[in-house]
Amino acid sequence: MIKNINEITGIAANGMVFGTERCRTVLDRLGCPDLKLEIIHIAGTNGKGSVAEYMTGILIAAGKRTGTFTSPPVFSYNEQFRIDGEPLDDIKLKSYMEQTAKAAEGTGATPFEIETAAALYAFCCEGCEFAVVECGLGGTYDATNAILRKKLALISTVALEHTEHLGKDIKSICERKFGIVKDCEVVVSALQPDGAKEFFRSKNAAFADDEIAVLQSGLDGTDFSYGGKKYKLSCIGAFAQPYNAALAIEGARRLEIAESAIYTGVNWAKPRGRIEIRRVRGKTYVLDGAHNPDSFKPLSTFLKNGTIDSDRVIIFGCLADKDIDGNLALLQGLAKCIIAVQCNSDRALPLEKVHAACRKYFASVLKADSVEEALNMAYKIANTAVVCGSFTLLKEADKWIKREL
């Protein structure tokens with residue numbers, strides 16, 4: 001499998017660069033593939049990846065050929081570029097990426113801008129009717145917002161994150177998220193902090209706010225009702241996932257998709273890296289990409305409810321721009337030991353700083369030079385290991401687990 005865009009094009013990541021002009025130029029040079037697709041554009045701080053999965057499942061169940069572009073990758077690079085739920089193979093992805101990089105020559109386009117354009121170009125060339133596109137960061141100035149025409153905009157839960165780029169308060173962040181709305185209907189998740197609902201109401205946005213009731217939640221999934229109709233999710237999580245699914249359900253209704261396809265689609269969807277359970281040789285592993293306090297709440301709730309063995313350790317690392325204290329506070333008391341690691345990213349918080357922060361919240365703190373080393377340590381001292389703090393940790397954990405099977 002391809003590791004990253006640099007492997008194909010030789011273009012390396014160069015930090016966060018915002019704006020839609022470069023990506024728009026590339027799309028124009030590729031023949032405007034975005035104008036040949038019915039596009040569902042999704043923004044939000046937490047849950048937008050899950051909403052993309054539910055929306056994709058619904059469209060597939062309705063018989064619509066659907067491309068899905070999400071980021072960051074969880075377990076493999078190719079999974080960011082999927083058609084009817086299946087990642088593009090190396091040969092096709094390499095071809096579309098090379099064509100897009102050629103079209104981008106002289107534009108100064110960033111790797112993410114090339115990936116965005118390549119995804120839309122691939123979906124168009126592969127005969128997709130719909131494209132589900134997840135924003136990278138923010139909305140207004142995100143590369144994905146180079147898309148000229150959209151069928152529907154969905155906005156998941158908003159929270160204070162990336163404030164150095166998006167603004168210091170909820171209203172400013174909401175404004176950036178709402179920037180994806182371009183002459184299309186918009187539906188907003190009902191799970192919002194104070195101030196967000198008021199902002200979106202002022203914009204006359206519709207909400208996925210029928211009554212939600214969790215009927216049952218366990219390791220085999222979550223049953224819930226929305227507006228009196230019952231649905232079953234294959235993923236774990238009684239806290240946020242019903243709200244994410246409800247947002248996709250409301251979006252699908254605006255597309256006049258049959259209720260039977262909606263039910264099948266949300267059940268089919270399996271959001272990756274969200275309280276994902278793996279079992280290896282009598283041990284349990286929980287993989288979760290939570291990276292801010294709001295996204296840690298579902299994981300914290302799950303660990304508190306006694307569903308899995310309490311003889312557990314946590315393997316934790318995070319990026320430098322995250323609220324590490326807010327995250328660790330939600331994990332305090334939920335494991336007998338925490339193992340600090342450094343994420344494999346140029347934005348990673350250094351290991352010594354992760355270790356020092358962990359010591360404020362846990363009596364027993366170890367550190368490891370890699371996720372692999374941490375998992376080997378965890379295997380010897382506990383029945384359950386929880387890997388969390390950043391999506392960048394999960395790929396390494398997935399590789400270790402598959403090797404141990």
Side-chain angles (χ1 to χ4, degrees), residues 42 44-55 57 74 154-161 170 187-197 207-227 229-250 266-267 269-277 284-310 312 314 316 318 322-323 326-335 384 386-391 394:
I42 306 170
T45 308
N46 296 317
K48 61 184 186 290
S50 294
V51 175
E53 295 302 311
Y54 295 126
M55 198 72 239
V74 181
L154 302 176
I155 301 176
S156 63
T157 305
V158 173
L160 284 172
E161 190 178 40
I170 285 293
V187 186
V188 178
S189 170
L191 185 61
Q192 299 292 350
D194 292 341
K197 281 189 177 180
F207 283 84
D209 60 357
D210 284 353
E211 184 180 359
I212 290 176
V214 175
L215 308 175
Q216 181 277 139
S217 183
L219 294 180
D220 60 343
T222 301
D223 295 343
F224 76 103
S225 64
Y226 176 64
K229 293 186 177 180
K230 295 180 180 180
Y231 301 91
K232 184 174 182 63
L233 305 180
S234 297
C235 66
I236 300 167
F239 182 81
Q241 290 300 347
Y243 287 93
N244 295 332
L247 179 55
I249 290 167
E250 284 294 350
V266 296
N267 180 242
K270 294 179 177 61
R272 296 174 306 285
R274 279 81 170 180
I275 314 184
E276 189 166 334
I277 307 294
T284 300
Y285 298 88
V286 182
L287 309 183
D288 195 284
H291 52 277
N292 60 48
D294 281 335
S295 64
F296 262 100
K297 288 175 183 175
L299 176 61
S300 177
T301 300
F302 172 72
L303 295 177
K304 287 175 181 175
N305 70 17
T307 306
I308 59 170
D309 198 322
S310 60
R312 67 175 80 108
I314 292 171
F316 178 90
C318 68
K322 302 305 178 184
D323 179 5
N327 295 341
L328 288 170
L330 286 163
L331 296 175
Q332 190 172 24
L334 298 180
T384 299
V386 181
V387 183
C388 59
S390 173
F391 279 115
L394 304 191

Asker: Please find the pair of heavy atoms, one from T157 and one from S189, that lie closest to each other, and give the distance.
Answerer: OG1-OG, 3.9 Å
Asker: Distance from E211 atom CD to F224 atom CZ, nearest 0.5 Å?
Answerer: 12.5 Å
Asker: According to side chain to side chain donor-acceptor pair (under 3.5 Å), who are the partners of S295, at least two apart in sequence or on a separate chain?
Answerer: N292
Asker: Sub-3.5 Å donor-acceptor pair from the side chain of Q216 to the main-chain atoms of G218, do we have one?
Answerer: yes
Asker: Please find the pair of heavy atoms, one from P271 and one from E53, that lie closest to each other, and give the distance.
Answerer: CA-CG, 3.9 Å
Asker: Got a second to check how far I212's CD1 is from Y231's OH, nearest 0.5 Å?
Answerer: 10.5 Å
Asker: Can you list every pair that meets salt bridge (Lys or Arg N to Asp or Glu O under 4.0 Å) and has a residue in residues 297-308, with sequence neighbours left out?
Answerer: D294-K297
Asker: Under 3.5 Å, side chain of S50 to main-chain N/O of N244, donor-acceptor pair present?
Answerer: no
Asker: For T301, what residues pass the side-chain contact (heavy atoms from CB on, under 4.5 Å) criterion, not counting sequence neighbours?
Answerer: none
Asker: Distance-only, no hydrogens or angles: does the S234 side chain make a donor-acceptor pair with backbone N or O of G221 under 3.5 Å?
Answerer: no
Asker: Answer yes or no: is there a donor N or O on one side and an acceptor on the other, between the side chain of R274 and the main chain of P298, under 3.5 Å?
Answerer: no
Asker: Looking at A208 and V187, what are the two nearest heavy atoms and their distance?
Answerer: N-CG1, 3.9 Å
